[in-house]
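Protein chains get the first letters and strands the later ones, always in sequence-line order, with residue 1 at the start of each.
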Amino acid sequence: MEIAEHEKQIFEKAGVRFNIASPKQLGEVLFDKLQLDPKAKKTKTGQYQTGEDVLLALALKSDIVQDILNFRQLQKLKSTYVDALPQLLNNKSQRVHTCFNQAVASTGRLSSTNPNLQNIPIKTERGREVRKAFVARDENHVIVAADYSQIELRLVAEISGDPAMREAFIQGLDIHTATAAKVYGVQLDDVTSDMRRNAKAVNFGIIYGQSAFGLSQNLGIPRREAAEIIEQYFIQYPGIKSYMNNTIAFAQENGYVETLLKRRRYLRDINSQNATIRGFAERNGINAPIQGSAADMIKIAMIHIHNDIKEKGLKGKMTMQVHDELVFDVPKDEVEDFKELIEFRMKNAIKTEVPIVVEIGIGKNWLEAH
DNA sequence: TCTCTCACG
DNA sequence: ACGTACGTGAGAGAC
């Protein structure tokens, strides 16, 4: 088996047998025995850090690193999904039935347990094989998957009112390309893939309150370059800068922030004397209205879709929610009805000035439906 | 039971 | 001088 092959390679290259799944043992092999990094960082409990980003930085020094990363990826897929999911099949239905928790996440998102169906793999080739296992109930049904496109950035544009970002969405531009053109001061047609990649990282980082340091780490660029990108970003999108300042000021005054539908997140540390602790509260404050408004929107859509299905006497079912996506199991002859009502309800859940875009796919399994 | 790591949005 | 990107859940190891 492939995992065993990587294990064998790792033992040969390390010159010692050990438990690769133990971060403690792995750290000692990499940094004490093999001395791959004399300045290796440790966790607060004194172990060496061996996370993916740390290992990737070591990849040039030893080819053991790639084996470890492959071993980790395959082990994760096997233990968390391939071995675990069949155990959770319900006897009667022969299906997995997740539990959606409505009062866990502090932003208003749902969470999912037993099993968690909100973290089914999609990013890697091997992971996508797992997603293929989620199939329609029979040959007469299909999976319908409906995704909000760039929902959090659209809500940043909506909530902040930033003219340039709103305009980009109104014109139907690719937001990362549009951002790259602005930040680098070039025409849309002259945006390179590197420029777009950097702009995409900034767009996401902004939603989380990322610093120049964080962006430089993420992109592997000098901190000064990251700082310049962020500076240009706020010059081009001044409304986003003021959203961030205004939101923090509101939180300092009121002790909470709120979403479009007035869901509150309280921030007890927003006025802390400790800059690190205060920083966490500030980033929570910037992010919560965005993430939480997206959660409000999809929840409203879910209620309307549920009512529509009932009123129209449709047989298809809404089966899953994954933060910006809804998944349905639908009889083939109801597909057109479903597509129409899903798109309408998702687009119009909350009245916005920024256009909301929904992408709908169909397939015999969840992967195909994307 | 806690820590580390990693799967997703 | 300091730490440095938000929200989750689960498996494995260590204690």
Side-chain angles (χ1 to χ4, degrees), chain A residues 18-27 41-55 68-69 71-85 87-88 98-101 104-124 126-128 130-131 147-153 156 201-219 223 226-227 230 244 257 265 267 273-292 294-295 298 320-326 366:
Chain A
F18 63 101
N19 186 347
I20 306 162
S22 161
K24 184 164 181 281
Q25 294 181 39
L26 179 66
K41 293 203 185 90
K42 297 196 172 181
T43 66
K44 62 182 176 204
T45 57
Q47 287 185 31
Y48 290 110
Q49 290 180 359
T50 69
E52 187 174 1
D53 50 336
V54 175
L55 295 187
I68 294 167
L69 288 168
F71 173 92
R72 281 239 178 107
Q73 186 195 106
L74 295 173
Q75 186 64 44
K76 174 80 175 183
L77 293 175
K78 182 174 189 294
S79 64
T80 307
Y81 306 101
V82 178
D83 291 342
L85 285 173
Q87 301 293 114
L88 292 163
T98 188
C99 174
F100 284 111
N101 308 292
V104 172
S106 43
T107 54
R109 276 188 172 184
L110 302 184
S111 83
S112 160
T113 55
N114 293 309
N116 180 356
L117 294 186
Q118 293 180 325
N119 70 347
I120 299 303
I122 194 169
K123 289 175 181 168
T124 67
R126 312 304 290 274
R128 286 193 278 273
V130 173
R131 193 165 278 239
D147 282 80
Y148 280 115
S149 163
Q150 303 294 355
I151 187 61
E152 292 195 351
L153 280 174
V156 169
V202 191
N203 273 333
F204 281 117
I206 289 303
I207 294 174
Y208 306 139
Q210 188 180 42
S211 65
F213 174 87
L215 184 65
S216 70
Q217 292 281 305
N218 183 11
L219 290 175
R223 189 169 164 171
I230 291 174
M244 294 168 77
V257 291
R265 176 167 183 172
L267 299 163
Q273 299 298 308
N274 181 319
T276 303
I277 292 175
R278 193 174 63 245
F280 271 101
E282 288 173 357
R283 293 193 296 275
N284 288 155
I286 291 166
N287 176 260
I290 303 165
Q291 192 180 116
I298 198 168
M320 288 187 280
Q321 187 254 44
V322 192
H323 311 305
D324 64 353
E325 171 185 11
L326 297 175
W366 193 7

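Put simply, the side chain of R131(A) gets close to the backbone of P121(A): a donor and an acceptor are under 3.5 Å apart. The backbone N or O of P115(A) lies less than 3.5 Å from a partner atom in the side chain of T98(A), making a donor-acceptor pair. Within the 3.5 Å criterion, the main-chain N or O of L117(A) finds a donor-acceptor partner in the side chain of S112(A).
In this structure R72(A) satisfies the side-chain hydrogen bond (donor to acceptor under 3.5 Å, both in side chains) test together with T50(A), sequence neighbours excluded.
Minimum atom distance to the side chain of T45(A) is reached by dC4(B), of the listed dC15(C), dC4(B), dG9(B). Among the nucleotides dG3(C), dA5(C), dG9(B), the one closest to the side chain of R109(A) is dG9(B). The nucleotide whose nearest atom lies closest to any side-chain atom of I122(A) is, among dC4(B), dT8(C), dG9(B), dG9(B). Distance from the side chain of T50(A) is smallest for dT5(B) among the nucleotides dA14(C), dC4(B), dT5(B). For N284(A), counting side-chain heavy atoms from C-beta on, the closest listed nucleotide (dG9(C), dC4(B), dC6(C)) is dC6(C). For T43(A), the side-chain atoms get nearest to dT5(B) when compared with the rest of dT5(B), dG7(C), dA5(C).
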Apply side-chain contact (heavy atoms from CB on, under 4.5 Å) to the pair F280(A) and L267(A), showing each step before the final yes or no.
CA-CA 10 Å; F280(A) 271 101; L267(A) 299 163; over 6 Å; no
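Between T107(A) and dG7(C) there is no side-chain N or O to OP1 or OP2 distance below 4.0 Å. Applying the 4.0 Å criterion to OP1 and OP2 of dG7(C), one finds that R265(A) has a side-chain N or O inside that range. For the OP1/OP2 pair of dT5(B) and a distance below 4.0 Å, the side-chain nitrogens and oxygens of R72(A) include no atom meeting the criterion. Note on Q25(A): a side-chain N or O is less than 4.0 Å away from OP1 or OP2 of dA14(C).
Across the protein-nucleic acid pair, Q47(A) atom CD and dC4(B) atom P stand 6 Å apart, rounded to whole Å. When rounded to the nearest whole Å, the span between CG of L26(A) and P of dG13(C) equals 13 Å. When the C1' atom of dT4(C) is taken as reference, atom CZ of R223(A) falls 8 Å away, rounded to whole Å.
A stem is defined here as three or more consecutive Watson-Crick or G-U pairs, each with both distances under 3.5 Å; for DNA chain C these stems are B:1-9 with C:6-14.
Residue E152(A) comes nearest to I207(A) through the heavy atom pair OE1-CG2, 3.6 Å, listed as atom of the first residue, atom of the second, then distance. Closest approach of A212(A) to A226(A), counting heavy atoms only: O-CB, 3.5 Å.
Using a 4.0 Å heavy-atom criterion, one finds that Y148(A) contacts no nucleic acid atom at all. R283(A) comes within 4.0 angstrom of the backbone, heavy atoms only, and of no base. Across all strands, A275(A) comes closer than 4.0 Å to no nucleic acid atom at all (heavy-atom distances). Here I207(A) lies out of heavy-atom contact (under 4.0 Å) with every strand. Among the protein residues, E52(A) comes within range of the sugar-phosphate backbone only, with heavy atoms under 4.0 Å from sugar or phosphate atoms but none that close to a base.
Rounded to the nearest Å, the gap between the P atom of dC2(C) and that of dC6(B) is 28 Å. Taking the C1' atoms as reference points, dC8(B) lies 16 Å from dA5(C), given to the whole Å.
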Please tabulate the protein-to-nucleotide N/O contacts below 3.5 Å involving nucleotides 10-12 of chain C, giving atom names and distances.
unit_1: dA10(C); atom_1: OP1; unit_2: N114(A); atom_2: N; d: 2.9

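In this structure, the side chains of L69(A) and E52(A) come closer than 4.5 Å at one or more pairs of heavy atoms.
Note: H323(A) NE2 to I151(A) CD1 = 14.0 Å, rounded to the nearest 0.5 Å. Separating the CG atom in N287(A) from the CD atom in Q291(A) is a distance of 5.0 Å, to the nearest 0.5 Å.
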